[in-house]
Asker: 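Before I ask anything, here is the structure I am working with.
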Amino acid sequence: MTAASERRLLVAPTSKLTNINSLPTMLSQPAAWSTLPLPTRQHLYSLLPPPGAGEAPWDPEVHPMDTKLRSHISAELNVWQGDLRDGREVKKWRDEAVGAGRKRVEERREMKGFAKIGREGAGNGANGAVANHGDGMEGVEK
């Protein structure tokens with residue numbers, strides 16, 4: 001498999017991975033873990049939540065789907081598969097999502113700036129950025 005076809009498999013909404021009924025069940029097969037090289041298994045474990053205090057470290061020889069992590073992994077795989085199916089793994093979608101997040105942050109900063117200017121402005125006149133017109137409850141019976 002070429003790098004381009006691997007990439008399509010992992011990001012394209014039309015990937016064959018979107019048609020698998022139970023990705024967690026498929027990946028829980030022993031061969032899905034045992035055929036991975038040890039460094040890959042160690043890396044995958046490093047991406048999972050660490051063992052609790054007083055618990056032994058994760059054993060890369062043990063399939064994580066055979067541990068208490070199974071429900072966590074299954075839930076994340078199902079979310080990822082849905083994102084894949086919905087096109088959220090495509091670079092364009094991710095770039096747009098990052099851009100939208102940045103835009104929201106900037107809008108919040110601007111709103112905080114306007115509120116600050118309004119409080120610090122010289123009264124409620126032309127120099128104040130925010131005019132105060134009552135308590136916001138106009139027209140509501142008290």
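The figures here come from the full heavy-atom set of this structure, side chains too, leaving out hydrogens, waters and symmetry mates. Everything quoted here is computed from the prediction, not taken from an experiment.
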Asker: Do Met26 and Leu69 land in one hydrophobic cluster if side-chain heavy atoms of ILVMFWY residues count as linked below 4.5 Å?
Answerer: yes
Asker: Treating Arg41 as the side-chain partner and Leu36 as the backbone partner, does any N or O pair qualify as donor plus acceptor under 3.5 Å?
Answerer: yes
Asker: Going by side-chain contact (heavy atoms from CB on, under 4.5 Å), name the residues that satisfy it together with Asp86, two or more places apart in sequence or in a different chain.
Answerer: Arg88
Asker: Enumerate donor-acceptor pairs with a distance under 3.5 Å from any side-chain N or O in residues 43-54 to protein atoms, sequence neighbours excluded.
Answerer:
{"from": "Tyr45", "atom 1": "OH", "to": "Val62", "atom 2": "O", "distance (Å)": "2.7"}
{"from": "Ser46", "atom 1": "OG", "to": "His43", "atom 2": "O", "distance (Å)": "2.5"}

Asker: Is there a donor-acceptor contact under 3.5 Å from the side chain of His63 to the main chain of Leu27?
Answerer: yes
Asker: Taking only residues at least two apart or on different chains, which pairs with a member in residues 50-60 satisfy side chain to side chain donor-acceptor pair (under 3.5 Å)?
Answerer: Glu55-Lys68
Asker: Output all residues satisfying side chain to side chain donor-acceptor pair (under 3.5 Å) with Ser34, sequence neighbours left out; order by chain, then residue number.
Answerer: none
Asker: Does Pro24 reach the side chain of Asn78, with side-chain heavy atoms less than 4.5 Å apart?
Answerer: yes
Asker: Pairs under 3.5 angstrom only: tabulate donor-acceptor contacts from the side chains of residues 100-109 to other protein residues two or more places apart or in another chain.
Answerer:
{"from": "Glu106", "atom 1": "OE2", "to": "Arg109", "atom 2": "NH1", "distance (Å)": "2.9"}

Asker: Sequence neighbours left out, what passes side-chain contact (heavy atoms from CB on, under 4.5 Å) with Ser71? Give chain and number order.
Answerer: none
Asker: Once you round to the nearest 0.5 Å, how far does CG of Asp66 lie from OG of Ser28?
Answerer: 7.5 Å
